[in-house]
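Everything on this sheet refers to the single structure shown next.
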Amino acid sequence: SDVCSSDLDEYDNPLITAHKYDYYDDALPFFKVFYGEALKTNPYLKMGVMTGIIRVIKAGIFSDLNNLKVYSILNEQYSDFFGFTQSEVKKALKDFNIEYELPDVKAWYDGYKFGNSDVYNPWSILKFLQFKKLIPYWIDTSDNYLINKTLKNASSDTMEALQKLFSGESVEENINGNSDLSILFDAEEIWELFLFSGYLTIDKKIDRKLYSLRIPNKEINELFKDEFIDVNFGESLFRNTMEA
């Protein structure tokens, strides 16, 4: 019989939604069977690829699977496949006869450091090629539940660190790449969530688990300041928190 490959994009999104609406404990055993049947006991499947924010072996639903290989944005292998490279964006703009836009496009959508690769946000580049406007595109692709929930419970230290990030500075945080939904809302895990969600990127690796993090580009800076801070806290409350 024929065999095929499959892709489970954002495999963790149903689990995040279940967490949002308080049925996570009920959803977990269902998706354990669902994904297990699709990936392990499927005789027609040769290879499966899963993508998501939460590391697959920490999601609590893949204990029955074996031979899983995890490639994250911290790894060097395949790092240039997480987004568009400089040469790819330059060629795309040239093909659309707008290569003169490259400096502004770089400021808005570049800046991600994955492994040893510097990449652009691919969704934003595709949307820019379509609409030719320098505006935030990526921020409207989800309801940002994880980030919103975490920011609502942010400590004063987190707010102070965010202020540094908005000013173009970097912050040093421990990133181990092992967070799961049970701890993602803890204060010490917020930076890992920001990093793996694409709201921060690595400036440089300092030690084995210590990284310098920064906001990657203008698109994300606009997102944090306009969407999250003003909407969730109010501009005046944010200012008062910083002054306290």
Co-membership, hydrophobic cluster, residues [X] and [Y], 4.5 Å side-chain:
X: Leu15; Y: Val49; result: no
X: Ile53; Y: Tyr71; result: no
X: Met47; Y: Tyr11; result: no
X: Tyr100; Y: Val89; result: yes

Are [X] and [Y] close enough that some pair of their side-chain heavy atoms sits under 4.5 Å apart?
X: Val119; Y: Phe81; answer: no
X: Leu210; Y: Glu172; answer: yes
X: Ser155; Y: Thr158; answer: yes
X: Ile202; Y: Leu74; answer: yes
X: Cys4; Y: Lys46; answer: no
X: Lys90; Y: Thr85; answer: no
X: Glu101; Y: Ile98; answer: yes
X: Pro14; Y: Phe31; answer: yes

Pair Thr51-Glu10, side-chain donor/acceptor within less than 3.5 Å: no
Tyr120-Glu88 side chain donor-acceptor pair, cut-off 3.5 Å: no
From [atom1] ([X]) to [atom2] ([Y]), nearest 0.5 Å:
X: Ser212; Y: Lys205; atom1: OG; atom2: NZ; value: 13.5 Å
X: Glu37; Y: Asn42; atom1: CD; atom2: CG; value: 9.0 Å
X: Ile175; Y: Phe196; atom1: CD1; atom2: CZ; value: 7.0 Å
X: Asp12; Y: Met50; atom1: CG; atom2: CE; value: 10.0 Å
X: Asp104; Y: Asp110; atom1: CG; atom2: CG; value: 12.5 Å
X: Leu213; Y: Lys164; atom1: CG; atom2: NZ; value: 11.0 Å

Side chain of [X], backbone of [Y]: donor and acceptor closer than 3.5 Å?
X: Asn217; Y: Ile220; value: yes
X: Tyr78; Y: Ser72; value: no
X: Glu192; Y: Asn176; value: yes
X: Arg214; Y: Lys204; value: no
X: Ser117; Y: Asp80; value: yes
X: Asp207; Y: Lys209; value: no

Atom NZ of Lys133 with >12 non-hydrogen neighbours under 6.0 angstrom: no
Crowding at OH, Tyr23 (>12 non-hydrogen neighbours, <6.0 Å): yes
Sub-6.0 Å ring centroid separation between Phe128 and Trp123: no
Parallel, tilted or perpendicular: which fits the ring planes of [X] and [Y], with parallel below 30° and perpendicular above 60°?
X: Trp138; Y: Tyr199; answer: tilted
X: Tyr109; Y: Tyr137; answer: tilted
X: Phe82; Y: Phe114; answer: perpendicular

[X] and [Y]: which non-hydrogen atoms are nearest, and at how many Å?
X: Phe166; Y: Ile215; value: CD2-CD1, 3.7 Å
X: Asp118; Y: Lys113; value: OD1-CD, 3.2 Å
X: Leu200; Y: Pro216; value: CA-CD, 4.0 Å
X: Tyr112; Y: Gly198; value: OH-O, 2.9 Å
X: Leu8; Y: Leu39; value: CD1-CD1, 4.0 Å
X: Asn75; Y: Ser79; value: O-CB, 3.6 Å

Among Asp203, Leu162, Leu165, the one residue meeting side chain to side chain contact (heavy atoms under 4.5 Å, CB included) with Val171: Leu165
